[in-house]
Number of protein chains: 2
Amino acid sequence: MARITIEDVASEAGVSVTTVSHVFSGNRPVSTETQIIVREVATRLGYHPNAIAQSLRSQRTNTIMIVVPDITNSFYPDYARSLQDVAAEAGFHSLLCNTDAREAEELAFLDEAMSRRLDGVVFTGFRVPPSGLEPLVDAGIAVVCIGSVPTASPLDSVRFDDRAAAAEATGFILERYGHRVALIYGDEEAPVGRERRLGFEQACRAAGIPREDLVVVLEEFNRAGGRRGMARLLARPERPRAVVCANDMIALGAVEVARDAGMRIPEDIAIVGHDDVDVATVVTPRLTTVRTDARRLGAEAGALLVSRMTGAYTGPGRHVTIPHELIVRESA
Amino acid sequence: MARITIEDVASEAGVSVTTVSHVFSGNRPVSTETQIIVREVATRLGYHPNAIAQSLRSQRTNTIMIVVPDITNSFYPDYARSLQDVAAEAGFHSLLCNTDAREAEELAFLDEAMSRRLDGVVFTGFRVPPSGLEPLVDAGIAVVCIGSVPTASPLDSVRFDDRAAAAEATGFILERYGHRVALIYGDEEAPVGRERRLGFEQACRAAGIPREDLVVVLEEFNRAGGRRGMARLLARPERPRAVVCANDMIALGAVEVARDAGMRIPEDIAIVGHDDVDVATVVTPRLTTVRTDARRLGAEAGALLVSRMTGAYTGPGRHVTIPHELIVRESA
DNA sequence: CTGTTAGCGCCTTCAT
DNA sequence: ATGAAGGCGCTAACAG
């Protein structure tokens, strides 16, 4: 139970703590002979360097935090994994944190990152705006914001052009299935939610659909939200001919309800999603959707973050927009 | 950039560091007046207690580690979330760690847990056996092992009876579709993989199928593995009438390939999965599967872990088996 | 190539 | 109700 310290190893090996420290860090040459003895003693005693003490002393934790709104939407595990790979490559561990898109959780994790003196944070905020990240930057933490930030922001950011993507999907639908379209989206306050709605409206406006004819229902960014949304749409006197869903989880739920109602997709009702998560090709019919590549998002964010943490880059905020792509499958 | 310390707050507020410390910890009465001043100064200066220093001193990190083999299998996010909820309730943060079922990663995370002096670990090991967790216990870390452990093990454990579950699923298939069955499983070395294969074989034996007639293909525990597995089965001279898949991800891939080959499910080929992940009801036909409740697994594991960490329980290892349930839907 | 020593920021006796 | 001071385990000057 008593933890073995560097001192125990040093005295048992008959050397100074400095030497033991350097055997492990490799920051200074140590004679091969001494190395062997120290390592032998360390394993025999079961010594594990105390990372807490190391961090306190060195001011580095070698750890980053990845904050996501919903770990059960497979977009985020995919994203997080590729981000972790990049971080691990550079020697950083990562904490994966789930906020459920709640402001309190988002703030708590940012606070946590400050308290633990983490080296970096990649933040997907649904409630806290980019400006909420600036205290971290002031504290010397590398920060990458997923989503749009003001052009002058000191923060690095990676985003998709969600508005354009939604407009593109909507335009496609409009052209193929006419003007009787509807939107199910998931979160009015979250940037993705808002942007995708704006994109939908923009495309409708461009097609000459009067504002008051717009059918838009607000639910949640998950399958249950999609079910409820589609149920609401089908309960309307005039059913839509096509439905744009603000993400694939919503689309999954929408497909489910439409099929259970005996409708054929896309013959009776067409459905388009966003993200192109893995399940998009599991459902029948396979989802037509806008791919926003999760892996690429993670990789880009990881690269920006690492370059900050290693000091390879120290300039003003860099802003990356990753291209999206409409993937036409069977649902529309 | 210069981090604010407790000392900065103390001097600015005109009190001792001791007092500031107690204002935040609440471990000792502090006059209301002083409290107000200290808190005001702290927020004004942007003081965040240094969790690293706190941990070094107090020997507690208030953090647990959740180790999973594959974060992209939605069973694990579901599990992890409910575990996190239990842990958070008790005031613990959690690190979610993904091993990709690689031994090196599993060992690295255990090492990491030791080094960071974490308070608890919940480990789902595909390579490292339960005995590999004992050093953590010796170091005073609370440990819960997901899966079977030797009865005399000091470790707490939570598991499903995977062998019985697979036998049950197989028995159901055998009775309904006759003896021409096959198994696609995902990992010979991992306990779940082995147990589910044994359960399959046990049920086949009980039905009087000779050992040499058993059709068993080994792939990976994911959708691609299911695709390859089904392709191999369909390439055989005598195609199976029914296929048991060692988890739902495999089943998803299997369904995909069977459908693409123009087969009707379950009329031409029946398919049964394991786990009952959320996607099991997305695919057409909806999967018949054995439910091993991920949320419940997380909740039970969390409860055991927390009781150890708080000292509410200090006895020998407790071993929980969670019941499974065959869910008959459309695929078999 | 190796050793001595001063903190990193905080909590916690002990003292008042 | 408040302070002073030691030490948690380690790294990085500084000193040979």
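Throughout, a chain's letter reflects where its sequence line sits, starting with A, and its residues are numbered from 1. Since we're looking at a predicted model, the values are computed, not measured.
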task: Show your reasoning for whether side chain to side chain donor-acceptor pair (under 3.5 Å) applies to B:T61 and B:R117.
output: CA-CA 7 Å; B:T61 54; B:R117 307 299 195 258; over 6 Å; no

field: Residues within residues 10-32 of chain A bordering DNA chain C, heavy-atom distance below 4.0 Å
entry: A:V15, A:S16, A:T18, A:T19, A:R28, A:P29, A:V30, A:S31

- line: Contact check, residues 56-64 of chain A vs DNA chain C, heavy-atom distance under 4.0 Å, returns A:L56, A:R57, A:Q59

- prompt: Should we count CZ of B:R295 as having more than 12 external heavy atoms under 6.0 Å?
  reply: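 At most 12 heavy atoms, drawn from other residues, nucleotides or ligands, come within 6.0 Å of this atom.
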
- request: Could you tell me whether A:E7 atom CD has more than 12 heavy atoms of other residues or ligands within 6.0 Å of it?
  value: no

Spatial distance of atom [atom1] ([X]) from atom [atom2] ([Y]) [nearest 0.5 Å]:
X	Y	atom1	atom2	value
B:S82	B:L297	OG	CG	7.5 Å
A:F109	A:I66	CZ	CD1	12.5 Å
A:H93	A:N62	NE2	CG	6.5 Å

query: Should B:Q54 be listed as having a side-chain N or O under 4.0 Å from OP1 or OP2 of C:dC11?
result: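 Yes, because at least one side-chain N or O of B:Q54 sits under 4.0 Å from OP1 or OP2 of C:dC11.
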
Any donor-acceptor N or O pair under 3.5 Å, side chains A:T99, A:R127: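 Side-chain D/A pair, A:T99 to A:R127: absent.
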
query: Does the side chain of A:T18 come under 3.5 Å of the side chain of A:R28 through a donor N or O and an acceptor N or O?
result: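 Per modelled atom types, A:T18 and A:R28 side chains form no pair under 3.5 Å.
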
- request: Fit a plane to each ring of A:F75 and A:Y79, take the angle between them on a 0 to 90° scale, and name the class: parallel (under 30°), tilted (30 to 60°) or perpendicular (over 60°).
  value: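 If you compare the ring of A:F75 with that of A:Y79, the planes turn out parallel.
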
field: Whole-Å gap separating C1' (C:dC8) and CZ (A:R116)
entry: 17 Å

- request: Provide, to the nearest angstrom, the distance between the CD1 atom belonging to A:I52 and the C1' atom belonging to C:dC11.
  value: 14 Å

message: Once you apply a heavy-atom cut-off of 4.0 Å, does A:T34 come out as touching a base, just sugar-phosphate, or nothing?
response: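 A:T34: backbone/sugar contact only, no base atoms under 4.0 Å.
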
task: Tell me, please, whether B:Y47 has B:R39 positioned over its six-membered ring: NZ or CZ under 6.0 Å from the ring centre and within 45 degrees of its axis?
output: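 No, cation not above the ring by the 6.0 Å, 45° rule.
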
- prompt: Using a heavy-atom cut-off of 4.0 Å to chain B, what are the terminal contacting nucleotides of DNA chain D, in 5' to 3' order?
  reply: D:dA1 to D:dG9

